[in-house]
Amino acid sequence: MNCNEAVEKLWQYLDRELDGEAVVEVERHLQECRECFSRAEFEQRLRALLRRSCGCEQAPAALRDRLHRLLRMF
Ligand SMILES: [Zn+2]
């Protein structure tokens, strides 16, 4: 798995929408790749923050889109 594939799957991974095999692949990439690991960390922290501040798991769609676009520029 390369970084593009990992990033594509990262959101689904964090939403727990991937099947077992894909989860293993993403986790393997995160262990090997600092860059993607940082992205995953950032997204997880963001979710924790949202959960605390508004009680919702998901950012509003517009905010989410903006953040995803921002993350892809890294
Ligand atoms: Zn990567």
Side-chain angles (χ1 to χ4, degrees):
M1 181 179 286
N2 63 35
C3 290
N4 282 340
E5 287 169 330
V7 170
E8 285 299 325
K9 287 185 175 161
L10 183 60
W11 321 117
Q12 289 163 281
Y13 169 71
L14 292 170
D15 286 335
R16 301 186 208 294
E17 285 167 4
L18 293 177
D19 59 38
E21 212 172 301
V23 168
V24 171
E25 279 179 46
V26 172
E27 282 177 349
R28 195 179 302 145
H29 184 83
L30 292 180
Q31 276 165 17
E32 291 166 357
C33 178
R34 244 227 77 85
E35 212 179 313
C36 292
F37 181 77
S38 301
R39 281 193 185 115
E41 278 252 303
F42 176 83
E43 175 79 4
Q44 265 167 340
R45 237 174 275 152
L46 187 72
R47 276 160 200 251
L49 201 75
L50 283 166
R51 223 173 297 139
R52 265 207 311 273
S53 60
C54 74
C56 56
E57 181 80 17
Q58 303 266 318
L63 174 65
R64 231 172 121 81
D65 282 356
R66 223 163 59 217
L67 285 164
H68 286 184
R69 233 170 294 141
L70 196 76
L71 283 170
R72 277 160 204 270
M73 295 192 308
F74 280 161

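Counting convention: from 1, in listed order, for ligands and their atoms alike.
Of the charged side-chain nitrogens involved, none lies within less than 4.0 Å of a carboxylate oxygen, so that E43 and R39 do not count as a salt-bridged pair.
Rounded to the nearest 0.5 Å, atoms CE (M1) and NE2 (H29) are 8.0 Å apart. F37 CZ to E32 CD: the interatomic distance, rounded to the nearest 0.5 Å, is 13.0 Å.
Excluding waters, the set of protein N/O/S atoms under 2.8 Å from the Zn ion (ligand 1) reads C3 SG, H29 NE2, C33 SG, C36 SG.
Clustering ILVMFWY residues whenever any of their side-chain heavy atoms sit less than 4.5 angstrom apart, transitively, puts L14 in the very cluster that holds F42.
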>> Under the criterion side chain to side chain contact (heavy atoms under 4.5 Å, CB included), I'd like the reasoning laid out for R47 against D15: C-alpha separation, chi angles, the key distance, then a yes or no.
In response: CA-CA 10 Å; R47 276 160 200 251; D15 286 335; 2.7 Å; yes

Going by atom type alone, with no hydrogens or angles, which donor-acceptor pairs under 3.5 Å involve a side-chain atom of residues 2-13 and a protein atom two or more places apart or on another chain?
unit_1, atom_1, unit_2, atom_2, d
N2, OD1, N4, N, 3.1
N2, OD1, E5, N, 2.9
E5, OE1, N2, N, 3.0
E8, OE2, R72, NH1, 3.1
W11, NE1, V7, O, 3.3
Y13, OH, E27, OE2, 2.8

